[in-house]
Amino acid sequence: MSNYNFTSAFFGGFSSSSSFSGLLGEYNSIKNGSYRRLLKSYYGKYNADGTTKSTEKTERERKQKTSSDTMDSAKKLTAVSEKATSLQNAATKLSAVKEGTSSIYAKKTIVEKKDGVTTTRTDYDYDTVTSAVRSLVTAYNETLDEAAKVGSGSVQNKAKWMTDLTAQYKDQLSEFGISVDKEGRLSLDEKVFRGKEMPDIQDFFEGSNSFASKLARKASSLAGAADLQATRAASAYTPSGDTYKPESMNSGTVFDSLF
């Protein structure tokens with residue numbers, strides 16, 4: 001092939017001198033590095049999978065927040081279970097049927113010391129029983145407080161069963177100095193409680209069909225539901241981490257390596 005024909009063939013591919021000038025401009029851009037920098041700037045915005053790095057960052061932050069929220073929920077659910085278990089124990093103590101002096105409702109030998117004088121008498125242990133009722137009231141309110149912090153439907157339903165139960169016994173509870181407010185929380189007037197006859201207190205709290213026994217079962221059900229949801233929430237947690245590896249090769253990195 002002659003020089004004339006080669007030159008004609010080479011320049012025949014351009015419709016005008018401006019096309020040739022454009023080619024020279026691109027060549028100069030490649031030669032002086034500006035084209036390489038442009039490509040690095042462009043491809044630097046993308047990951048190997050084609051997603052933008054800003055998208056990756058947003059997704060990573062979302063995963064981290066989701067994981068954090070999940071763990072927070074697991075902790076809150078565990079707190080519900082712990083408080084419900086404490087309530088169950090307090091209610092069981094009052095409802096448990098025990099014979100003789102082992103019963104908290106039985107008469108016991110009480111030793112008192114006042115003004116240097118020690119006296120002994122046999123009477124009902126109102127201090128122990130009042131303390132047990134006080135523990136029940138405290139545990140009940142704390143359980144409701146913790147249950148209100150979670151959104152689990154099953155936990156909320158079990159908590160409602162408890163408030164429904166106390167609402168059902170509201171009038172009877174008031175006779176023993178235990179009031180129920182509009183939010184379902186309990187409060188104890190110890191003076192009123194101590195003014196009740198111990199056999200009446202025993203009849204109300206002791207036994208498998210008593211208020212305390214029913215409350216213990218409700219608390220146990222709530223604790224179980226909270227435990228189950230806490231386990232599920234904890235198992236859903238996976239460390240998000242940064243799945244993007246800087247050393248991953250993308251098209252921009254490959255192209256840059258040519259210059």
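This chain uses plain numbering: 1 for the first residue, then up along the sequence. These numbers come from the heavy atoms of this one structure, side chains and all, not from hydrogens, waters or symmetry mates. Nothing here was measured: the structure is a model prediction, and the numbers come from that model.
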Any idea which heavy atoms bring [X] and [Y] closest together, and the distance?
X: T101; Y: A106; value: CA-CB, 4.0 Å
X: E206; Y: A96; value: OE2-O, 3.5 Å
X: A219; Y: Q88; value: CB-N, 3.8 Å
X: A226; Y: L77; value: CB-O, 3.4 Å
X: L94; Y: V129; value: CD2-O, 4.4 Å
X: T166; Y: T163; value: OG1-O, 3.0 Å

Hydrophobic clustering (ILVMFWY, side-chain heavy atoms < 4.5 Å, transitive) - are [Y] and [X] grouped together?
X: V137; Y: I104; value: yes
X: F193; Y: M198; value: yes
X: Y126; Y: V133; value: yes

Backbone N/O of [Y] and side chain of [X]: donor-acceptor pair under 3.5 Å:
X: S131; Y: D127; result: no
X: D181; Y: E183; result: yes
X: S95; Y: A91; result: yes
X: N141; Y: L186; result: yes
X: T143; Y: A139; result: yes

Would you say that [X] contacts [Y] through its side chain, given a criterion of any heavy-atom pair below 4.5 Å between the two side chains?
X: T122; Y: I110; result: no
X: E82; Y: D227; result: no
X: L87; Y: E142; result: no
X: S210; Y: F204; result: no
X: Y140; Y: L215; result: yes
X: T118; Y: V111; result: yes
X: Y105; Y: Y124; result: no
X: T130; Y: R194; result: yes

Cationic N near anionic O, under 4.0 Å, [X] to [Y]:
X: D164; Y: K218; answer: no
X: D189; Y: K191; answer: no
X: E146; Y: K83; answer: no
X: D203; Y: K196; answer: no

Rounded distance (nearest 0.5 Å) linking atom [atom1] of [X] with atom [atom2] of [Y]:
X: K149; Y: S73; atom1: NZ; atom2: OG; answer: 13.0 Å
X: K93; Y: S135; atom1: NZ; atom2: OG; answer: 6.5 Å
X: E197; Y: D200; atom1: CD; atom2: CG; answer: 6.5 Å
X: K160; Y: Q156; atom1: NZ; atom2: CD; answer: 11.0 Å
X: S81; Y: L222; atom1: OG; atom2: CG; answer: 8.0 Å
X: N89; Y: L136; atom1: CG; atom2: CG; answer: 11.0 Å

Does atom CD (E112) have a neighbourhood of more than 12 heavy atoms from anything else shown, all under 6.0 Å? yes
Step by step, work out the side-chain hydrogen bond (donor to acceptor under 3.5 Å, both in side chains) result for T138 and R134. CA-CA 6 Å; T138 298; R134 189 189 309 121; over 6 Å; no
Under the side-chain contact (heavy atoms from CB on, under 4.5 Å) rule, what do S213 and R217 come out as? Steps first, then yes or no, please. CA-CA 6 Å; S213 181; R217 291 194 290 272; 2.9 Å; yes
Intermediate values then yes/no, side-chain contact (heavy atoms from CB on, under 4.5 Å), L165 and M162: CA-CA 5 Å; L165 177 67; M162 282 189 2; 5.7 Å; no
Enumerate, atom names and distances included, each donor-acceptor pair closer than 3.5 Å involving a side-chain atom of residues 167-177, sequence neighbours excluded.
residue, atom, partner, partner atom, Å
Y169, OH, K214, NZ, 2.8
S174, OG, D171, O, 2.5

